[in-house]
Each structure stands twice: as C-alpha cells, then as structure tokens.
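Here the structure is a predicted model, which is why all the values come from computation and not from measurement.
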Amino acid sequence: MATFFTFLYIINVVAFVFYAVDKHRAYYNMWRIREAVLLGLAVAGGAYGAGAGMMLFRHKTQHRSFLVTVPIALLVWIAIVVAVVLLER
C-alpha cells in the first residue's frame, strides 16, 4: 500500500509541475506541453496536482475538456483510494 501512495504522491507532484511549466511556456510563447499529456497525467492519478495547478496558475481553466476530465478523474481516484484503504483493513 505504501508503494501505491508513493506513486500517487509522485504523479501529483509531476502533474503540478507540468501545469506550472506549461503556463510559463504559454506566457513566453515557447514550445508547449501537449494537452493530451496534461490530461493523461490527471487520468493516470495526478488529478489533484492537475487541479491544483489549474487553479493556482489559472491555466487551462477555459478549456471544456479540462473542466470536465480533471474533476471526474479526481472523483474516480478518490473512490480508488477509499477502496484500497478499506480493502487493506
């Protein structure tokens, strides 16, 4: 179970950093991180970090795909975490 939570911690930090980097690059008209990568990080377990990055950096908040996918991914991952914790008892 510790490995599972370590994975979630790392992927959320990575997602948060990717959103920060993409916002920085957008501001300076530089090469950007693909939207599929940003959404993929959220779906793969980094939904909390992605959501925090979206809110803190005000990034991708006007894109419908992000406004739908990230919260749904967060709810799914919350359910997964609850299930893992309850099954480990």
To the nearest 0.5 Å, tell me how far T69 OG1 sits from H63 NE2.
12.5 Å
Non-hydrogen side-chain atoms of V14 and F18 separated by less than 4.5 Å
yes
Look at the rings of Y19 and H59 and say which category their plane angle falls in: under 30° parallel, 30 to 60° tilted, over 60° perpendicular.
perpendicular
Are M54 and V68 in one and the same hydrophobic cluster, where Ile, Leu, Val, Met, Phe, Trp and Tyr link if side-chain heavy atoms are under 4.5 Å apart?
yes
Kindly give the heavy-atom pair with the smallest separation between G49 and A15, and that separation in Å.
C-CB, 4.3 Å
Sequence neighbours excluded, the answer for ring pair (Phe, Tyr, Trp, His ring centres under 6.0 Å) partners of F57 is F16
Atom of L8, atom of N12 and distance for their closest heavy-atom approach
O-ND2, 2.6 Å
Is there a chain of hydrophobic side chains (I, L, V, M, F, W, Y, each step under 4.5 Å between heavy atoms) that links F4 to L74?
no
Would a hydrophobic clustering, with Ile, Leu, Val, Met, Phe, Trp and Tyr connected at side-chain separations under 4.5 Å, put M30 with Y27?
yes
Kindly write out the residues that satisfy ring pair (Phe, Tyr, Trp, His ring centres under 6.0 Å) with Y28, not counting sequence neighbours, or none if the list is empty.
H24
Looking only at non-hydrogen atoms, find the nearest pair between K60 and E35 and report the distance.
NZ-OE2, 3.1 Å
Can you get from I33 to V13 by hopping between Ile, Leu, Val, Met, Phe, Trp and Tyr side chains that sit under 4.5 Å apart?
yes
So, for A73 and V43, which heavy atoms are closest and what is the spacing to 0.1 Å?
CB-CA, 4.1 Å
Would a 4.5 Å heavy-atom cut-off, applied to side chains only, mark L39 and F66 as touching?
yes
Quick check on the hydrophobic clustering: are I80 and Y48 connected, directly or via other members, by side-chain heavy-atom contacts under 4.5 Å?
no
